[in-house]
> 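Next up is a structure, given as structure tokens.
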Amino acid sequence: MIAPLTLLSAIWAALAVLAFAVSFKVRDITGRIGGGGWGKHIDARWGWFWMELPALVTFPAVYFASGNLHLVGNIAVALWLAHYGHRTLVWPLVVLKSGATIPSGMWMSGGAFNVINGLLLGAYLAFAPQLGDAWLSDPRFLAGVVLMLGGAWLNLWSDYRLLALRRRSGHQRVMPEGGAFNLSCCPNLLGEIIEWLVFALLTWCLPALAFALWSIANLVPRALWRRSWYRTNFPDFPRTRAALIPGLL
């Protein structure tokens with residue numbers, strides 16, 4: 001069971017690297033990074049819900065349906081559900097404005113992406129032989145849990161800080177500032193990248209690494225695009241502010 005999953009996960013990881021390489025050359029047709037995207041536009045709240053629902057459901061469903069449950073897998077699923085429970089059920093209602101729309105290309109491609117990751121993660125963690133109870137005391141697991149919680153905190157703090165700034169401006173576009181925003185224009189994206197990199201560390205499985213690579217392929221170009229947008233639309237935007245990682249990117 002593990003050998004086919006390893007091969008599929010390796011292919012999926014390689015595709016993430018390829019997608020990252022071409023993301024700077026090829027126009028984004030889904031609408032995630034600027035532009036209008038392709039396909040019919042639907043209400044943003046429903047679009048976001050349908051895009052993220054497969055992430056919330058697929059991984060836990062496959063894992064629990066296998067019957068091969070173990071404590072490490074249970075903890076991994078709990079961390080996953082905490083992130084995607086908020087992302088699927090809370091975030092659209094709190095942030096997305098009534099009347100806002102997203103293109104079908106965005107929510108459909110995002111939903112398909114989440115199904116693939118959920119299938120690979122659920123199957124791999126159900127049958128991975130190396131994740132016994134001894135893994136709970138492994139430094140990789142312990143560091144992964146702590147750093148994932150830290151990444152989640154940075155992601156949520158930054159998202160809600162930006163939301164508060166937009167509400168003060170009457171839901172107009174604003175130049176983010178304060179806290180981590182004084183160092184990076186996208187600390188929310190940095191927090192999410194940290195989450196999935198260390199999720200790969202604490203689960204020590206190839207599907208989780210592939211998912212982390214896809215997150216990087218998606219979020220790094222978005223951070224660069226967003227910094228470019230800020231520089232264009234806010235003349236006083238600090239020219240030295242990092243797009244994502246202070247001192248590096």
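Quick note: numbers below take in every heavy atom, side chains included, and nothing from hydrogens, waters or symmetry partners.
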> Would you find a donor on one side and an acceptor on the other, under 3.5 Å apart, between the side chain of Ser158 and the backbone of Asn155?
no
> Would you say Trp204 and Asp138 are linked by a side-chain donor-acceptor pair, where the criterion is simply a distance under 3.5 Å?
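Per modelled atom types, Asp138 and Trp204 side chains form no pair under 3.5 Å.
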> Any side-chain donor paired with an acceptor under 3.5 Å for Asn74 and Tyr63?
yes
> Give the cluster check for Leu201 versus Leu142: same hydrophobic cluster or not, with ILVMFWY residues linked at side-chain heavy-atom distances below 4.5 Å.
yes
> For a 4.5 angstrom cut-off between non-hydrogen side-chain atoms, does Thr232 reach Phe237?
no
> Using a 3.5 Å distance criterion without hydrogens, assess whether the side chain of Ser109 forms a donor-acceptor pair with backbone atoms of Met106.
yes
> Side chains of Phe64 and Val77: does their closest heavy-atom pair fall under 4.5 Å?
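Side-chain contact under 4.5 Å: yes.
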> Below 4.5 Å, heavy atoms only, C-beta onward: do Thr203 and Val72 meet side chain to side chain?
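Sidechains of Val72 and Thr203: no contact.
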> Roughly how far, to the nearest 0.5 Å, is NE2 of His70 from CD1 of Ile75?
10.5 Å
> Give a yes or no answer on whether the side chain of Arg161 reaches the backbone of Glu177 with a donor-acceptor pair at less than 3.5 Å.
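Checked: pair present.
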> With a 6.0 Å cut-off (strictly less than), is the heavy-atom count around CZ of Arg140, excluding the residue itself, greater than 12?
yes
> Would you say the ring centers of Trp196 and His83 fall short of 6.0 Å from each other?
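Ring centroids of Trp196 and His83 are less than 6.0 Å from each other.
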> Group every Ile, Leu, Val, Met, Phe, Trp and Tyr by side-chain heavy-atom contacts under 4.5 Å, then state whether Val115 and Tyr84 land in the same group.
no
> Locate the shortest heavy-atom distance separating Phe59 from Ala76; write the atom from each residue and the value.
CE2-O, 4.4 Å
> For the residue pair Leu224 and Ala243, what are the closest heavy atoms and their distance?
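The pair with the smallest heavy-atom distance is CD2-CB, 3.8 Å.
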> Taking atom CH2 as the centre, does Trp50 end up with more than 12 heavy-atom neighbours from other residues, nucleotides or ligands that are less than 6.0 angstrom away?
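12 or below, so no.
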> Give me the ring orientation class for Trp91 and His86: parallel if the planes are under 30° apart, tilted from 30 to 60°, perpendicular past 60°.
tilted
> The criterion is side-chain contact (heavy atoms from CB on, under 4.5 Å); which residues satisfy it with Ile193, sequence neighbours excluded?
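Once residues adjacent in sequence are excluded, the partners of Ile193 under the side-chain contact (heavy atoms from CB on, under 4.5 Å) criterion are Leu197, Ile216, Leu219, Val220, Leu244.
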> Closer than 3.5 angstrom, by distance alone: can the side chain of Thr88 be matched with the main-chain N or O of Gly85 as a donor-acceptor pair?
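The answer is no, because no donor-acceptor pair under 3.5 Å joins these two groups.
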> Has Trp135 got a side-chain atom pairing as donor or acceptor with Leu202's backbone, closer than 3.5 angstrom?
yes
> I'd like to know if Trp80 and Met148 are part of one continuous hydrophobic network [Ile/Leu/Val/Met/Phe/Trp/Tyr, side-chain heavy atoms within less than 4.5 Å].
yes
> Is the closest side-chain heavy-atom distance between Met175 and Leu165 below 4.5 Å?
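Side chain of Met175 against side chain of Leu165, heavy atoms only: no contact under 4.5 Å found.
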> Taking the six-membered ring for Trp, are Trp12 and Trp214 closer than 6.0 Å centroid to centroid?
yes
